[in-house]
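Below, read A as the first sequence line, B as the second, and so on, with proteins coming before strands; counting in each chain starts at 1. The shown structure was predicted, so the numbers you read here are calculated from the model rather than taken from an experiment.
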Amino acid sequence: MPKTPLAFTLNDAETGIFVDDGQNLLEALRRGAGDLSPKYGCGQGTCGACTVLIDGVPHLSCLTLAEAVAGRRMDTTAGLAEGAELHPLQRAFMEGFAAQCGYCTPGMLMAAKALLAANPRPSREEVIEAISGNLCRCTGYEPIVTAILEAAAKLQGRAA
Amino acid sequence: MTEVRSFSTSAEAAGAEGAILGGGTLLMRQVNEAPQTVPRLIRITDPALREIRAEGDGHLIGAGVTMAQVIAHPDLAALAPVARSIGGPALRNMASVGGNLFAPHPYGDFTVALLALEAQVLWSDGRREEIERFLSARDTARGVVTGIWVPRIAPGALRYRKVSRTRPKGVSVMSIAAYLPNGGSAPRIAFGAMGPTPLRAKAAESALQGRGLTEESVTAAGAVCLQGLSPADDALASAWYRSEVAPVHLRRCLMGET
Ligand SMILES: Cc1cc2nc3c(=O)[nH]c(=O)nc-3n(C[C@H](O)[C@H](O)[C@H](O)COP(=O)(O)OP(=O)(O)OC[C@H]3O[C@@H](n4cnc5c(N)ncnc54)[C@H](O)[C@@H]3O)c2cc1C
Ligand code: FES
Ligand code: FES
């Protein structure tokens, strides 16, 4: 099958890969670009584990045609930390035991990152709404919601 | 994948056995599960498809406009609760109005509201089709939908209710839209997930005609609301259950009860 070249920005890095006809973005990121942070949960849009940001906006990468992201900017969990320094969201998840098996975590972090960029001081209800497309089989969601609120408070403190 | 930059070429491309890609939330699912069943994908990048603009006494919504765009647009505030009822936030950044027109049971919640509004479907060859007619022939239709025209909606004139098992993200057991223009003298009611496509409940409309929303008129509408609908069994609910609860939810939708 013929391959198509595809160029985009992945976490600040100019990236070029080859994709198959009809290949989804999740597979292109994992197999083509070697970024294993977005997870494959269902391939049907129901779990949110594959959530990535395209030009800052959350998308389900398993249902996104890879070729459609040519020239655009992708953010994944792999780009959150700065060197050894975890992102405040990651730190809050770790300290608040918001990750158990961790499979949902990259999708949760991306949904949370987009929320805090648009709404730095969300209410609890707004956090719940923001992660309503992301399933977690382990935590019961409470620690995740709390961690996102903690991270928001930390980031606010830093900005002030 | 074939990329089409403007409508002058898209109609021909679509004719050549292709599947038009909207947000891909249904089509890419099919690609992932059974790629051999999906014809060549056609992706239209014409920016006109992503536009919302005033036209006549209403608005033209491009077929590629997403649910998130509808929610964010000040002129479409009456449709925002409908768009917000679809999937989760990431899905709403992808799911298009055009794709929703073609979404099979139990999907198509946005289209339920469009049906109550008597929206018009615009095709790339210039045809304008009443949405009810469009839906009746939808599953064999070919071509590119470029947009949908909706009338200007007075505050409070569109009532919408989605019944699902899980909130905020569940799929419809049923959805109901009631459009009550001109103070409600000639109401229009549409049901989703109560047949192969969204359907009008015309007997219920007649029961309300010229009577306003009173205890008696709403009860009368509930008593006949199943006429013309054909609910099916699925994993969410049986046809029997859907039929039993439809009058209750119609009442709640009309009366704005929660
Ligand atoms: C997890 C999940 C939850 C969902 N929840 C809901 C829900 O609550 N309510 C609901 O209504 N739906 C729901 N859906 C279904 C779907 O996301 C929506 O119906 C959406 O609006 C479909 O639009 P799309 O742009 O993604 O369609 P696509 O998948 O891109 O296309 C769907 C069909 O429409 C055709 N098509 C698209 N655009 C055009 C065009 N311009 N001209 C001609 N044909 C076209 C395609 O060829 C295809 O056959 C859900 C889906 C998922 C995965
Ligand atoms: S893998 Fe994409 S939503 Fe589950
Ligand atoms: S931590 Fe296991 S699925 Fe969320």
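Residue A:Arg124 places its CZ atom among more than 12 non-hydrogen atoms of other residues, nucleotides or ligands, all under 6.0 Å distant. Within a 6.0 Å radius of CZ in A:Arg73, more than 12 heavy atoms belonging to other residues, nucleotides or ligands are found. Shown here is A:Glu82, whose CD atom has no more than 12 heavy atoms of other residues, nucleotides or ligands within 6.0 Å. Surrounding CZ of A:Arg72 are more than 12 heavy atoms belonging to other residues, nucleotides or ligands, all under 6.0 Å away.
Of the atoms belonging to B:Leu41, it is side-chain heavy atoms, and not backbone ones, that fall under 4.5 Å from chain A. At a 4.5 Å heavy-atom cutoff, the contact between B:Glu33 and chain A is made by side-chain atoms alone. For A:Thr4, no part sits under 4.5 Å from any heavy atom of chain B, backbone or side chain. Contacts of B:Leu21 with chain A are made by side-chain atoms alone, with heavy-atom separations under 4.5 Å and no backbone atom involved.
Summarising the geometry, atom CZ belonging to B:Arg92 is positioned 6.0 Å from atom OG belonging to A:Ser132; distances are rounded to the nearest 0.5 Å. Distance CG/B:Asn32 to CD/A:Gln23: 10.0 Å, rounded to 0.5 Å. The line from CG of B:Asn93 to CG of A:Leu60 is 9.0 Å long, rounded to the nearest 0.5 Å. How far CE of B:Met94 is from CD1 of A:Ile54: 7.0 Å, rounded to the nearest 0.5 Å. The CZ atom of B:Arg84 lies 8.0 Å from the CD atom of A:Glu129; values are rounded to the nearest 0.5 Å.
Contact count against chain A (heavy-atom pairs under 4.5 Å) is highest for B:Pro89 among B:Gly88, B:Pro89, B:Ala68. Ranked by non-hydrogen atom pairs under 4.5 Å with chain B, the options A:Leu65, A:Val57, A:Thr51 are led by A:Leu65. Between chain B and the residues A:Ala111, A:Ala68, A:Gly22, the largest count of heavy-atom pairs under 4.5 Å involves A:Ala68. With chain B as the partner, the residue from A:Gly43, A:Gly48, A:Ala114, A:Gly45 showing the most heavy-atom pairs under 4.5 Å is A:Gly43.
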request  = Decide side-chain contact (heavy atoms from CB on, under 4.5 Å) for B:Leu91 and A:His59; before the verdict, give the C-alpha distance in whole Å, the side-chain angles of both, and the deciding distance to 0.1 Å.
outcome  = CA-CA 7 Å; B:Leu91 187 98; A:His59 282 71; over 6 Å; no

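Taking 4.5 Å as the limit, every side-chain heavy atom of A:Thr64 sits out of range of all side-chain heavy atoms of B:Met28.
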